[in-house]
Amino acid sequence: MTDLRAVAWRTSDQSIVLLDQTRLPGRQEDFVARDVDDLIDAIVRLVVRGAPALGAVGALGVALAMTQAQREGWDADRLASEVRRVRDARPTAVNLAWGTDRVTPLMPQGIAAVLDEAAVIMAEDEAANRELSRLGADWILGRTGCDRVRVLTHCNTGFLATTAWGTALGIVRELHARGALELVYADETRPLLQGSRLTAWELQQDGIDYLLQVDGAAASTILRGLVDVAIIGADRIARNGDTANKIGSVGVALACADAGIPFVVAAPSSTVDVTTPSGDDIHIELRDGSEVTALGGVVTAPAEARGFNPAFDVTPARLISAIVSECAVVEPDGQSSVEALVRE
Ligand code: MRU
């Protein structure tokens, strides 16, 4: 397991240092956000991405805005509106707003207090990921009865998407560490290829055996009996258990339901949003159609083609076998069980 981090605060020049995920796997480069515009650009272009990583960025973004306010002499209204811009830079992953909101009350105490809380958020995220990985691995081995499981995963949920370790990929790492992992089928995750560029890169580094497949292969792989469990992350879990995650997730869930294998959602409690009643209330980010009509910068469709590019979908709770957080494993059956995912 690498010591690399997706997100860090650099004290020497009061900047946020991000491992630039648009360059991976070809190049390992940092992107340095020195002001709010830099940070919003990084969030929108997916230099940094993944719900828990966005939570850390939201908290650090408040500190970044405060340093810029000092430098440029902003008044309180300007500072508040810049913090709101960070908070709203992407709509679906609740963690971005959650991380921003958690440190905002500390702003009157100064930048150091905000940074201290951001550090707590990051430490808690790593601890949560490690704990939910243990709980998830226990549940999966118990439910499947397998000594060694074959896992399908979608998008990237590893250390790149979090502050460390990972969520769904954290469970994969835990299974691997226990000698209980046979093989991972990683979906490539069109249009931006988080699976092939990022998940494959992480699995490779850990020496985990995997096959990369196109998203369109997932249902067939599951129905052919090649998979024992699908594990995905989450961007927002609504009060009724409906879960938003990378586009393509609900298709995986439907195939699992038909094949009678478990579909598991893994996320820290910071991704649970009890203020959102159901999946119908989740704002799904609609990205530019040009991400669909091109691949890796090369246009693949007729010039007139219009791309439809929802970045996420919603898997209804009825298709989810288990949701795992650091607090509990729940088999969704309504409001009370989802609330167990969040420690009081
Ligand atoms: O658009 P992205 O790359 O930010 O989407 C990421 C996902 O959908 C992840 O599965 C989710 O954020 C969970 S990350 C632990």
Side-chain angles (χ1 to χ4, degrees), residues 5-7 18-22 24 42-58 89-99 122 125-126 128-130 132-133 136 151-173 186-202 215 218 230-237 243-253 263-273 279 282-288 291-292 309-315 320 323-326:
R5 290 282 187 273
V7 181
L18 304 167
L19 180 56
D20 188 341
Q21 299 188 32
T22 67
L24 290 170
I43 295 170
V44 169
R45 287 194 302 110
L46 275 52
V47 168
V48 61
R49 32 114 351 244
L54 290 173
V57 155
R90 287 187 81 193
T92 305
V94 68
N95 301 61
L96 180 59
W98 171 88
M122 291 196 276
D125 184 61
E126 176 168 1
N129 293 339
R130 289 183 185 272
L132 73 84
S133 296
V151 173
L152 183 143
T153 194
H154 189 75
C155 197
N156 171 264
T157 58
F159 84 87
L160 290 168
T162 63
T163 62
W165 188 250
T167 59
L169 218 58
I171 297 179
V172 166
R173 291 199 157 102
D187 288 352
E188 69 168 352
T189 319
R190 272 283 282 151
L192 297 180
L193 305 177
Q194 289 92 330
S196 59
R197 293 188 305 103
L198 308 177
T199 298
W201 184 71
E202 289 201 43
D215 298 346
I231 320 173
I232 63 156
D235 288 87
R236 189 182 297 243
I237 298 168
T243 294
N245 191 55
K246 179 53 57 193
I247 190 77
S249 299
V250 68
V252 173
F263 178 85
V264 175
V265 172
S269 55
S270 53
T271 304
V272 179
D273 178 14
I282 298 176
H283 181 169
I284 298 295
E285 176 184 5
L286 192 62
R287 293 182 65 84
D288 201 282
E291 291 177 347
V292 175
N309 192 14
F312 302 97
D313 60 27
V314 173
T315 299
I320 300 173
I323 307 178
V324 187
S325 79
E326 74 277 21

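All ligand and atom numbering here is 1-based and tracks the order in the structure. All values reported here derive from a predicted model rather than from experimental measurement.
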Check contact between [X] and ligand 1, using heavy atoms of the residue and a distance below 4.0 angstrom.
X: H154; value: no
X: A234; value: yes
X: A93; value: no

For ligand 1, which atoms have a heavy atom of [X] less than 4.0 angstrom away?
X: A51; result: 12 (O), 14 (S)
X: N245; result: 7 (C), 8 (O), 9 (C), 10 (O), 11 (C)
X: Q194; result: 1 (O), 2 (P), 3 (O)
X: A161; result: 14 (S), 15 (C)

Write down the atom of [X], the atom of [Y], and the distance for their closest heavy-atom approach.
X: P52; Y: T167; value: CG-CG2, 4.4 Å
X: T315; Y: S249; value: OG1-C, 3.9 Å
X: P268; Y: A128; value: CB-CB, 4.1 Å

Rounded at 0.5 Å granularity, tell me how far [atom1] in [X] sits from [atom2] in [Y].
X: T162; Y: L54; atom1: OG1; atom2: CG; value: 11.0 Å
X: I282; Y: N245; atom1: CD1; atom2: CG; value: 10.5 Å
X: H154; Y: I231; atom1: NE2; atom2: CD1; value: 14.5 Å
X: T22; Y: L19; atom1: OG1; atom2: CG; value: 10.0 Å
X: I232; Y: T157; atom1: CD1; atom2: OG1; value: 9.0 Å

(request) Before signing off on this row, confirm whether T157 and ligand 1 have an N or O atom pair separated by under 3.5 Å. (result)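 No; every N/O pair is 3.5 Å or more apart.
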(message) So, regarding P52 and ligand 1 (criterion: nitrogen or oxygen to nitrogen or oxygen, under 3.5 Å), is there a contact or not?
(response)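 N/O-N/O distance under 3.5 Å: no.
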Pick one of side chain, backbone, both or neither for how [X] approaches ligand 1, counting any non-hydrogen atom pair under 4.0 Å.
X: K246; value: both
X: T167; value: side chain
X: C155; value: side chain
X: A53; value: neither

(request) Do me a favour and list the nearest non-hydrogen protein atom to atom 3 (O) of ligand 1 with residue, atom name and distance? (result)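 Answer, as residue, atom name and distance: R49 NE, 2.6 Å.
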(message) For atom 4 (O) of ligand 1, what's the nearest protein heavy-atom neighbour? Residue, atom name and distance, please.
(response)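 Result for atom 4 (O) of ligand 1: R90 NH1, 2.9 Å.
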(message) Can you check which of T153, N129, D235 brings a heavy atom nearest to atom 12 (O) of ligand 1?
(response)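 Of the listed residues, D235 has the closest heavy atom.
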(message) For L46 and R287: C-alpha separation, side-chain torsions, deciding distance, then whether side-chain contact (heavy atoms from CB on, under 4.5 Å) applies.
(response) CA-CA 11 Å; L46 275 52; R287 293 182 65 84; 3.4 Å; yes
(request) Kindly determine whether K246 and R49 satisfy side-chain contact (heavy atoms from CB on, under 4.5 Å), including the steps that lead there. (result) CA-CA 11 Å; K246 179 53 57 193; R49 32 114 351 244; over 6 Å; no
